[in-house]
Amino acid sequence: MTMRLATWNVNSIRARIELVVAWAERVAPDVLLLQETKVATDQFPADSLVSLGYHVTHWGTGAWNGVAVLTREAPREVRYGTGFARAPLATEEPRALAVRLEAGWFMSVYVPNGRALDDPHYVYKLTWLAELRAHLADLVADGVVVGGDFNVAPSDHDVWDPSALEGATHVSLPERRALDALLGLGLTDVYRALHPDDPGFTWWDYRQGAFRRGMGMRIDLVLASEDIARNVVAVDVDIEARRAPRPSDHAPLVVDLA
DNA sequence: ATGCCCTTGCCTCAAGGA
């Protein structure tokens with residue numbers, strides 16, 4: 001029994017649907033976590049993905065944010081937001097969505113960007129991560145995978161040039177501590193566990209030819225509780241998806257479990 | 001310090017992204 005899991009910030013599912021469908025056909029993940037769908041829940045273009053055999057669970061409110069979990073297995077339960085509510089809260093941005101499968105909880109997260117260290121959105125980012133940690137603690141015992149766009153590079157090894165990012169978000173100590181606090185629940189950063197030395201970048205700015213010049217960051221992560229992490233046999237960034245015409249600025253991260 | 005690129009919305013510019 002093997003399982004393939006992937007996470008991908010698609011930067012609009014409507015702009016990317018043909019690419020996502022072709023990619024899902026080729027890579028055939030059993031679970032696909034999506035972020036930045038940028039569409040309302042009932043406007044998600046699900047038909048072609050349902051035809052491929054996926055159950056589509058999505059939460060979106062319009063032009064911003066939006067998270068989805070695509071699964072071959074029918075979800076047994078669905079939870080919304082950092083508080084794992086049984087229904088979406090109108091006051092909360094659609095940034096976290098979890099479904100329970102036989103193997104445990106599978107959660108897609110789109111952590112707030114933060115914008116700048118002196119911006120209120122940065123405080124929101126840290127608060128959001130703390131909320132996630134507080135509620136995630138209960139789920140670790142059931143077995144949990146949290147994957148998505150964390151908008152935090154865990155260490156200087158995860159960015160192309162730390163000196164170019166001094167004073168920026170994504171690399172600040174409070175953000176890294178907030179991420180460490182998630183790992184402290186007993187979660188493993190599965191890419192780094194299997195690739196101690198590779199950069200593993202998953203995002204490259206659209207501007208300035210950043211992809212061609214190797215100016216990337218590793219900000220898309222899969223964190224897994226110990227019972228699941230110990231079964232991980234491969235973790236890879238699918239850089240080909242970033243090379244495609246009209247790509248997302250993020251590449252998918254693919255995890256194989258034995 | 002800003003634009004460099006890309007997406008959305010009511011849209012020919014602004015906001016947001018990271």
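Here is the naming used below: chain letters follow the sequence lines, and residue numbers restart at 1 for every chain. Keep in mind the model is a prediction, meaning the values are calculated, not measured.
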Verify the contact: side-chain N or O of [X] to OP1 or OP2 of [N], cut-off strictly under 4.0 Å; return yes or no.
{"X": "A:Arg16", "N": "B:dT7", "value": "yes"}
{"X": "A:Tyr122", "N": "B:dA18", "value": "no"}
{"X": "A:Asn11", "N": "B:dC5", "value": "no"}
{"X": "A:Asn113", "N": "B:dA18", "value": "yes"}
{"X": "A:Arg246", "N": "B:dC5", "value": "no"}

Output the single nucleotide from [options] whose closest atom is nearest the side chain of [X].
{"X": "A:Arg115", "options": "B:dG16, B:dA18, B:dC6", "answer": "B:dG16"}
{"X": "A:Asn151", "options": "B:dC5, B:dA18, B:dT7", "answer": "B:dA18"}
{"X": "A:Ala63", "options": "B:dG17, B:dC4, B:dT8", "answer": "B:dT8"}

Is any side-chain N of the basic residue among [X] and [Y] closer than 4.0 Å to the acidic one's carboxylate O?
{"X": "A:Glu92", "Y": "A:Arg95", "answer": "no"}
{"X": "A:Lys125", "Y": "A:Asp119", "answer": "no"}
{"X": "A:Arg192", "Y": "A:Asp158", "answer": "yes"}

Mind checking [X] for me? I need base, sugar-phosphate or nothing, with any heavy atom below 4.0 Å counting as a touch.
{"X": "A:Asp149", "result": "sugar-phosphate"}
{"X": "A:Asp220", "result": "nothing"}
{"X": "A:Tyr110", "result": "sugar-phosphate"}
{"X": "A:Ser12", "result": "sugar-phosphate"}
{"X": "A:Trp64", "result": "base"}

Requested in this report: May I have the distance from A:Lys38 (atom NZ) to B:dG17 (atom C1'), rounded to whole angstrom?
Outcome: 7 Å
**Report entry** Separation between the C1' atoms of B:dC11 and B:dA1, rounded to whole Å
**Finding:** 27 Å
**Report entry** Flag if over 12 foreign heavy atoms under 6.0 Å of CG, A:Asp47
**Finding:** no
Requested in this report: Nearest-nucleotide wise, let me know which of A:Arg207 and A:Asn9 is further upstream toward the 5' end of DNA chain B.
Outcome: A:Arg207
Report task. Just say parallel, tilted or perpendicular for the rings of A:Trp204 and A:Phe201, cut-offs at 30° and 60°. Result -> perpendicular
